[in-house]
Protein chains: 2
Amino acid sequence: MKRHQITIVDIAKELNLSKSTVSRALTGHPSVNAVTRQAVLDLAEKLDYQRNMLAISLVTRKTNTIGIIVPEFTSSYFPNITIGAQEVASKAGYNTVICQSNETYETEVANTKVMLANQVDGVLVSITKETKNFDHLKIFQRKGIPIVFFNRVCDEMDVPKVIVDDYDGAFRAVNHLIERGRKRIAHLSGPPSLKISEKRLNGYKAALRKNNIELDEDLVIPYDLNLDKVHIYVNHLLNLPHPPDAIFAINDPTAIEIIQVVKKRGLQVPEDIAVVGFSNDFASGLIHPSLTTVSQPVKEIGGTAAQLLIDQISRDVSEWKSIIRVLKTELIVRNSS
Amino acid sequence: MKRHQITIVDIAKELNLSKSTVSRALTGHPSVNAVTRQAVLDLAEKLDYQRNMLAISLVTRKTNTIGIIVPEFTSSYFPNITIGAQEVASKAGYNTVICQSNETYETEVANTKVMLANQVDGVLVSITKETKNFDHLKIFQRKGIPIVFFNRVCDEMDVPKVIVDDYDGAFRAVNHLIERGRKRIAHLSGPPSLKISEKRLNGYKAALRKNNIELDEDLVIPYDLNLDKVHIYVNHLLNLPHPPDAIFAINDPTAIEIIQVVKKRGLQVPEDIAVVGFSNDFASGLIHPSLTTVSQPVKEIGGTAAQLLIDQISRDVSEWKSIIRVLKTELIVRNSS
DNA sequence: CTGTTAGCGCCTTCAT
DNA sequence: ATGAAGGCGCTAACAG
C-alpha cells in the first residue's frame, strides 16, 4: 500500500549534500555550483524523481492551476473553449482542472468547493442556466482568487468577462432572414436568466424594428435549452393560424433540433421555413440542409479568458481590472435560410 | 499578494480547542462531542473555511484525483468518454484532471509528468497515434500508481483495459455492406501502431473472407488520421481503374470527410459509393446522407475505465488485476449504405 | 472525548 | 556556494 516516493532527501543523501542545495539545483537557482547541479539533475533523472507539486504548492501558496467550470460538454462549443483556454494556460505554465456543472446550480456550487479546496490560482466560469444566486462565486473574490467569466457571465460581479457581440450577431442573423424575404420570424430564445438570451433577443427585436416589422410576441418563445422540448415549441409555432416563415434559434443545437422537427413534419427547410442558429458548432456544416449560423471564435474565447485570468493572477488584488472583452461574430450563410 | 487563508488553527483558537479536535470534527470523526463538532462546523461555515486539500493530500499521501490523458477533443468521442469517467469518479469521491496529448508523443510524455507531479492516485490513458515507446507510462506502474487504458491501449503493459469489440464491429459493418450488394469494399484504415486499427482491419478482412471476396490490397489504405489528407486517399481510390463501390472508414470523422469528398466529386452516397464509419459520433446522424456506423457505448467506456481504476487504487499493488473489459458495439444502419 | 507530538516534501530565510 | 532551521496546513499515532 505504501509506495516509496523518491524525495529530495534521497538524492541529498546519495550525493552527500544538504536538502537545500538539492532543492536549489532542482529549481534552477543560480547560486549553485555547476558540477553539483549537474550531479543532482542526473541522479534525479536516473531515479525518475518528480517534484511533489503538492508540497511545493503548500509552501509557495501557489498551485499554478486554473480551474474551469463549464455548464456542459455535449455540443462542441464548450470543449473547444477549453481547448483554447488550455493552450494559453499551459504556455504560461498553468495546469487546468475542468469541471462540468451539468447545467445544475448544485453541481456548480460543488464545483466551486472543489476548486477552492484544491487551491486553484484562479477560475474561469460560464454559469449554468439555473444560476441566479452568485454567492458561491463571490467567495473567490473575497478570498483573493481571481475569477473570469466567459460566454455566460454574471452581471452582478465586477470582474473580467469575455463575451461575443451577441446583440449584433443576432441582429445580423435576423436582418439576413429579412433580406431573404422572410416576414414572420420566430425566435426560440434561451432562459431569461442568461444574459446571452437577453442580448440575442434584443438583437432580434432591433432587426425587426429596423425593418419596420412589428414584433409579434407570440413568435418569441423562451425555453430552458432542454433539447427534448424543442419539438413542442416548433410544433406549436407551426400550428399557429399564422405560422412563421423562419425561426432564429438561440444556439446551434436548438437550430439543428428544429430542422429535424420541421423535416419530420414533412416541411422543407428553407423553402417552407428558414432556420438560423448561433455558434457554428461542428455539426452545423454537416447537417442537411447545412445551417446558417453566427459563428463565434470559440478557441479565442477560451484563450482570451485564460489570458485575462492569468493577468489577474499576477496582479495584486488591489489592482484587479474588470475588462470586458467583446469578440466578434460572423454570419455564416448556408442552405437553411 | 498574500491572501490570508482561514485554517484549522484559526478556528481552533476562536473556539479554544486543539487543532486535532477541530480536525476531527471537520473530518467527521465519531469520537468528538456533538456540541463541539457543531460549533466547529458552524464557525467553519461562517468563515467560508475550506479544507486545504494540498495539505491533506501531502500527509495522507492520497489526492483523490485521477488523471485522464486523451489524444484529442475534436470529435465528440473523447469528450463523451471523459463525461462517463467523471461521473463514476466523482461519485466515488475522486476529482479529475484531464490532459489532451494533442496526438503527439511529446505532449503525452509531458502530460504524464504533470500527472506524476500532481500526485494523481491513478491514470486513465488512451495513447496518441504516435506513441510507440511506453516508458513514460511504465513509470506509473513502477511508482505504484495504477493505470488503466481505454480505446487506444498499450499491448506491452499488463494492466486493465477497456475496449470495444473492434474486430466484431468491423466485421459486421463490412458484412452489412456485402449484404447490400457491395463487391469492392475499400478500407481507410488507421495507423498500424494502433491496436484498434489492426483489429478493425482484421474484422474487415474476415468479413470479406467469409463472403468469399478476395482481399484487394490496393483497397486498403492505412492513414495517419489527419483529416486533411482524406481527400487524397479517396480521390486515389475513386481514380482506380476498378474503383470501390464502398468504403469502410476507421472512424466517423474520417467517414464524414469521405462523404464530403465524394459529394464534391459529384458522386452520390450511397448510390455510387457507400460509406460506413465507426463510433457513432454526434454529427453522424445529422450529416447528409446520415452515416451508417458502428456505435460504441462511449460513456460506458469512460465509466468502466474509471471504475476499474478506482478498484485498482483501493487494492494493494500486489493484488493488481489486469482485466480486459470488452464492451459491445452496435451496427447503426442509416442512409450512407 | 481531547490534547500533544511528529511529521508529509518542499522552499526560504538566515547563517556560514 | 552550501547548511541548518523553521514552517506551509493538515492528519495520525500516542497519550491521557
Side-chain angles (χ1 to χ4, degrees), chain A residues 1-41 43-44 47-65 116-121 143-144, chain B residues 1-41 43-44 47-65 116-121 143-144:
Chain A
M1 207 63 200
K2 107 166 141 242
R3 47 189 184 231
H4 182 63
Q5 193 184 353
I6 288 134
T7 74
I8 283 193
V9 178
D10 297 320
I11 102 155
K13 264 188 198 143
E14 185 80 22
L15 261 37
N16 235 307
L17 287 169
S18 73
K19 291 190 285 178
S20 23
T21 303
V22 175
S23 170
R24 283 190 273 255
L26 254 16
T27 50
H29 202 94
S31 74
V32 60
N33 185 2
V35 185
T36 318
R37 159 180 294 114
Q38 201 49 53
V40 171
L41 260 30
L43 187 57
L47 298 178
D48 276 337
Y49 167 77
Q50 281 296 141
R51 301 166 68 198
N52 185 330
M53 290 310 289
L54 295 178
I56 296 180
S57 297
L58 187 60
V59 35
T60 60
R61 292 159 152 284
K62 198 162 183 320
T63 53
N64 280 295
T65 299
L116 248 18
N118 286 296
Q119 314 288 120
V120 294
D121 291 338
K143 298 219 176 197
Chain B
M1 207 62 201
K2 104 165 143 249
R3 46 188 185 232
H4 182 63
Q5 194 185 352
I6 288 134
T7 74
I8 282 193
V9 178
D10 296 322
I11 103 155
K13 265 188 197 142
E14 185 79 22
L15 260 36
N16 236 305
L17 288 168
S18 72
K19 290 189 286 178
S20 27
T21 304
V22 174
S23 169
R24 284 190 272 254
L26 254 16
T27 50
H29 201 94
S31 73
V32 60
N33 184 0
V35 185
T36 319
R37 159 180 293 114
Q38 201 48 52
V40 171
L41 260 30
L43 187 57
L47 298 178
D48 275 336
Y49 167 78
Q50 281 296 141
R51 301 165 68 195
N52 185 332
M53 291 310 289
L54 295 177
I56 296 180
S57 298
L58 187 60
V59 36
T60 59
R61 294 157 150 285
K62 194 158 185 327
T63 52
N64 280 296
T65 300
L116 248 17
N118 285 296
Q119 315 287 122
V120 294
D121 291 338
K143 299 219 176 196

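Letters A, B, ... mirror the listed sequences (proteins, then strands); counts begin at 1.
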Write out a two-atom table: protein N or O, nucleotide N or O from nucleotides 4-6 of chain D, distance below 3.5 Å.
| from | atom 1 | to | atom 2 | distance (Å) |
| --- | --- | --- | --- | --- |
| dA4(D) | N7 | S20(A) | OG | 3.4 |
| dA4(D) | N6 | S20(A) | OG | 3.3 |

(Q) Expressed as a whole number of angstroms, how long is the span from L26(B):CG to dT11(D):C1'? (A) 12 Å
(Q) Nearest 0.5 angstrom please: L116(A) CG to D48(B) CG, how far? (A) 8.0 Å
**Q.** Value rounded to 0.5 Å, distance of CD1 in I11(A) from CD1 in I6(A)
**A.** 10.0 Å
Q.
To the nearest 10°, give me the bend of the helix from dC1(C)-dG16(D) to dT16(C)-dA1(D), comparing the axes of its five terminal pairs at either end.
A. 40°
Q | Heavy-atom pair with the smallest gap, counting every atom of A25(B) and V32(B) | A | CA-CG1, 4.3 Å
(Q) For a quick check of understanding: with a heavy-atom distance under 4.0 Å over all strands, which category does L54(B) fall into, base, sugar-phosphate or nothing? (A) nothing
Q. Tell me, which of residues 7-16 of chain A have any heavy atom that sits under 4.0 Å from an atom in DNA chain C?
A. T7(A), I8(A)
**Q.** Within-4.5 Å side-chain heavy-atom neighbours: V40(A) and L15(A)
**A.** yes
Q) If we only count heavy atoms from C-beta on, is the Q50(A) to Q119(B) side-chain gap below 4.5 Å? A) no
Q) What is the distance, rounded to the nearest whole Å, between atom CD of Q5(B) and atom C1' of dC8(D)? A) 10 Å
Q: Quick one: label S31(A) by what it contacts on the DNA or RNA (base, sugar-phosphate, nothing), any heavy atom closer than 4.0 Å.
A: base
Q.
Which heavy atom of L26(B) sits nearest to which heavy atom of Y49(B), and what is that distance?
A. CD2-CE2, 3.6 Å
Q. So which one's nearest nucleotide on DNA chain C is more toward 5', N33(B) or A55(B)?
A. N33(B)
Q: For N118(A) and T63(A), work out which heavy atoms get closest and say how close.
A: O-CG2, 3.8 Å
Q: For M53(B) and dT11(D), give me the distance from atom CE to atom P, rounded to whole Å.
A: 9 Å
Q: May I ask you to say what T27(A) touches in the nucleic acid, namely base, sugar-phosphate or nothing, with a heavy-atom cut-off under 4.0 Å?
A: sugar-phosphate
(Q) Does a side-chain N or O of T21(A) approach OP1 or OP2 of dG3(D) to a distance below 4.0 Å, or not? (A) yes
**Q.** Length of the line joining L58(A):CG and dC8(D):P, which is rounded to integer Å
**A.** 9 Å
Q) Tell me the side-chain hydrogen bond (donor to acceptor under 3.5 Å, both in side chains) pairs involving residues 15-28 of chain B, sequence neighbours left out? A) S18(B)-S20(B), S18(B)-T21(B)
(Q) Are the side chains of N52(B) and I8(B) in contact, using a 4.5 Å heavy-atom criterion? (A) no
Q) By salt bridge (Lys or Arg N to Asp or Glu O under 4.0 Å), which residues pair with D10(B), not counting sequence neighbours? A) none
Q) Would a distance-only check, ignoring hydrogens and angles, find a side-chain to backbone donor-acceptor pair under 3.5 Å from T65(A) to V120(A)? A) no
**Q.** Boundaries of the DNA chain C segment in contact with chain B, non-hydrogen, under 4.0 Å
**A.** dC1(C) to dG9(C)
Q.
Please determine whether a side-chain nitrogen or oxygen atom of Y49(B) lies at a distance below 4.0 Å from atom OP1 or OP2 of dC10(D).
A. yes
Q.
Using 0.5 Å steps for rounding, measure from the CG atom of L54(B) to the CG atom of L54(A).
A. 6.0 Å
Q) Does any non-hydrogen side-chain atom of L43(B) lie less than 4.5 Å from one of E14(B)? A) yes
Q.
Checking side-chain contact (heavy atoms from CB on, under 4.5 Å) between V22(B) and each of L17(B), T7(B), T36(B), which is the one that passes?
A. L17(B)
